[in-house]
Amino acid sequence: MVSWKPISPFRLCSLLRSQKDPSLAFQLFTNPNPNHDRPFRYSLLSYDLIITKLGRAKMFTQMEQILQQLQRETRFQIPEPLFCHVISFYARARLPARALHAFLSIPSFRCSPSLKSFNSLLHALLTCRQFNAMSQLMSRVHHFGTPDACTYNILISACSSQGHVERAWKLFDEMRQRGVPPNVVTFGILTNLLCKNSLVQEAFKLKEDMERGFRLKTNVFVYTNLIKGVCEIGDFDWAFRVKDEMVRNNLRLDAVVYNTLINALFKAGKKEEGFRVLEEMKNNGCKPDAVTCNVLIVEHCRQNNFVEAYRVLDGKEGVKPDVVGYNVVIGWLCKQGKWSKAVDLFHDMPRRQCAPDVVTYRTLFDALCQWMQFAEAGLILEEMIFKGFVPHALSLNEFVEGLCREGKFELLLTVLNELGRGGLCNEETWKSVVSMVCTRENMSAPFEVFDTLVLA
DNA sequence: ATAGGGTTAG
């Protein structure tokens, strides 16, 4: 037996840093020295590293296990940003209750929550679109401090995403009245809100105000909003002038700016100009990213050029597109009735290292129902429910109705069982099945179906 | 990573 030099707490950190696989990192953390039974003295940094890694990978069971271990480590006072991370991980996974729980547990880690973690929770609720919970939380803000610019920015974003333009301006006024100066982020949110509502002139007026009245420099975020706004009213000359102004102000044109322009040009049918900007992007040393690929894929599909679309999927632009790119191609294939090709691409996604998401499953399931491919649709639905994704209610009803119409009782039984388990039986499901039971001549099979429904 | 910008679907 070779005797290894035991891993030191310091070495564990560097090993955790370089370990790409979160599961292996977790194993390493929980058992750093397999052949030594002396208790390991973990450093605070190693906790931070493993929690962040697990959170990013949405491995929440393991993350909670480490957090509980950390809770018992009375040697440390845990720095607040770690909790802000944890809260935002739960937000990204759309788990608002867990985010709240993480926030409430902060004192048990010998740390007192300040406005920072309060804002993190507020933002988590916004991400999960829990607007009522946001108001309830705001009524307790005084326990944690006085609302700062960040708090207001989150609240204004919430108004923006609900389309409450007037309320957003009220908050903007309120923050100034209370002596909280708006910052460049505030103006990013507000210009976005204005441009989204086609109030481009007003957005430019606000930019002037921001520079003259508030002495703030317009940054790339604000410029991107403005460029998108002027593109949407079809004024591309203006868009290019804004782009030139950015360069004059020594701002680097990044992929987001280029993607905005290329996408808008394609949408306006200016294909050549779009590709010209793509060339300029590359010549300027700005590398296309996944979104660039997706924008190109949309255009190729619109031109019915699936060969080129697949080339981009294969990494023609030097980057691999993400799940959105796959969803676009699958969506267009479906729209053209090439559902079998769409299913092929879907099955090829794991090999291509891209995990299908809700949109992938919904797109496929919707299309298969529409093209009455019930057997294939049933398989997709099963997998979808297994992964916890929820199908569109409309397609689901179409599917159940189709099965009833075609008398496919065997499949119907399986599906109803799955729907029942997934808690997805709605009133329409019942209506379809009940009306079939009542109109069919051969009553034996429907009775079986009815039994399943009652048992579910 | 305390808050803001670009792509699909709905």
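Residue numbers start from 1 in every chain, and the chains themselves are labelled A, B, ... in the order their sequence lines are given, proteins ahead of strands. Here the structure is a predicted model, which means the values were calculated and not measured.
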Quick check against the 3.5 Å criterion: does [X] have a side-chain atom that pairs as donor or acceptor with the backbone of [Y]?
{"X": "A:Q373", "Y": "A:W339", "answer": "no"}
{"X": "A:K53", "Y": "A:L16", "answer": "yes"}
{"X": "A:N294", "Y": "A:A290", "answer": "yes"}

message: With a 4.0 Å limit, can you tell me whether A:N263 has a side-chain N or O closer than that to the phosphate oxygens OP1/OP2 of B:dT7?
response: yes
Rounded interatomic separation in angstrom, taking [atom1] from [X] and [atom2] from [N]:
{"X": "A:N183", "N": "B:dG4", "atom1": "CG", "atom2": "P", "result": "11 Å"}
{"X": "A:L394", "N": "B:dA9", "atom1": "CG", "atom2": "C1'", "result": "14 Å"}
{"X": "A:F266", "N": "B:dT8", "atom1": "CZ", "atom2": "C1'", "result": "16 Å"}
{"X": "A:K320", "N": "B:dT7", "atom1": "NZ", "atom2": "C1'", "result": "18 Å"}
{"X": "A:Y326", "N": "B:dA9", "atom1": "OH", "atom2": "P", "result": "18 Å"}
{"X": "A:L364", "N": "B:dA9", "atom1": "CG", "atom2": "P", "result": "14 Å"}
{"X": "A:M384", "N": "B:dA9", "atom1": "CE", "atom2": "P", "result": "16 Å"}
{"X": "A:H392", "N": "B:dA9", "atom1": "NE2", "atom2": "C1'", "result": "7 Å"}

Review point. By side chain to side chain contact (heavy atoms under 4.5 Å, CB included), which residues pair with A:A255, not counting sequence neighbours?
Key: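 Listed in chain order: A:N259, A:M281, A:C286, A:D289.
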Going by heavy atoms closer than 4.0 Å, what residues in [range] are next to DNA chain B?
{"range": "residues 206-244 of chain A", "value": "A:N219, A:V220, A:F221, A:T224, A:N225, A:K228"}
{"range": "residues 106-134 of chain A", "value": "A:K116, A:N119, A:S120, A:H123"}
{"range": "residues 276-288 of chain A", "value": "none"}

Quick check for you: among [options], whose closest atom lies nearest to any side-chain atom of [X]?
{"X": "A:N153", "options": "B:dA3, B:dT8, B:dT7", "result": "B:dA3"}
{"X": "A:V359", "options": "B:dA1, B:dT2, B:dT8", "result": "B:dT8"}
{"X": "A:V324", "options": "B:dT7, B:dA9, B:dT2", "result": "B:dT7"}
{"X": "A:V295", "options": "B:dT7, B:dG10, B:dG4", "result": "B:dT7"}

- Do A:N153 and A:N119 have a side chain donor and acceptor closer than 3.5 Å?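 Checked: A:N153/A:N119 side chains show no N/O donor-acceptor pair below 3.5 Å.
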Check: Does one side chain, of A:Q303 or A:E299, offer a donor that lies under 3.5 Å from an acceptor on the other?
Finding: yes
Is the closest basic N to carboxylate O distance between A:D366 and A:R362 below 4.0 Å?
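Answer for the salt bridge query: no.
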More than 12 heavy atoms of other groups within 6.0 Å of A:L394 CG |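 No, the 6.0 Å shell around CG holds no more than 12 heavy atoms from other groups.
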Requested in this report: Mark yes when over 12 heavy atoms from residues, nucleotides or ligands other than A:F214 sit less than 6.0 Å from its CZ; otherwise mark no.
Outcome: yes
- Message: Test: salt bridge (charged side-chain N to carboxylate O under 4.0 Å, His left out). Region: residues 252-273 of chain A. Which pairs qualify, not counting sequence neighbours?
- Response: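 Every salt bridge (charged side-chain N to carboxylate O under 4.0 Å, His left out) pair that includes a residue of residues 252-273 of chain A, provided the two are not neighbours, is A:E273-A:R276.
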Base, sugar-phosphate, or nothing for [X], non-hydrogen atoms under 4.0 angstrom?
{"X": "A:T260", "result": "sugar-phosphate"}
{"X": "A:V257", "result": "base"}
{"X": "A:K267", "result": "sugar-phosphate"}
{"X": "A:V184", "result": "base"}
{"X": "A:D366", "result": "nothing"}

Original post:
Are A:W169 and A:L190 close enough that some pair of their side-chain heavy atoms sits under 4.5 Å apart?
Top reply: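 Yes, close enough: below the 4.5 Å cut-off.
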* To do: Evaluate ring-ring contact (aromatic ring centres under 6.0 Å, His included) for A:F109 paired with A:F76, printing each intermediate quantity in order.
  => CA-CA 9 Å; A:F109 289 84; A:F76 307 126; over 10 Å; no
Residues at least two apart in sequence or cross-chain that pass ring-ring contact (aromatic ring centres under 6.0 Å, His included) with A:W332, listed by chain then number, are none
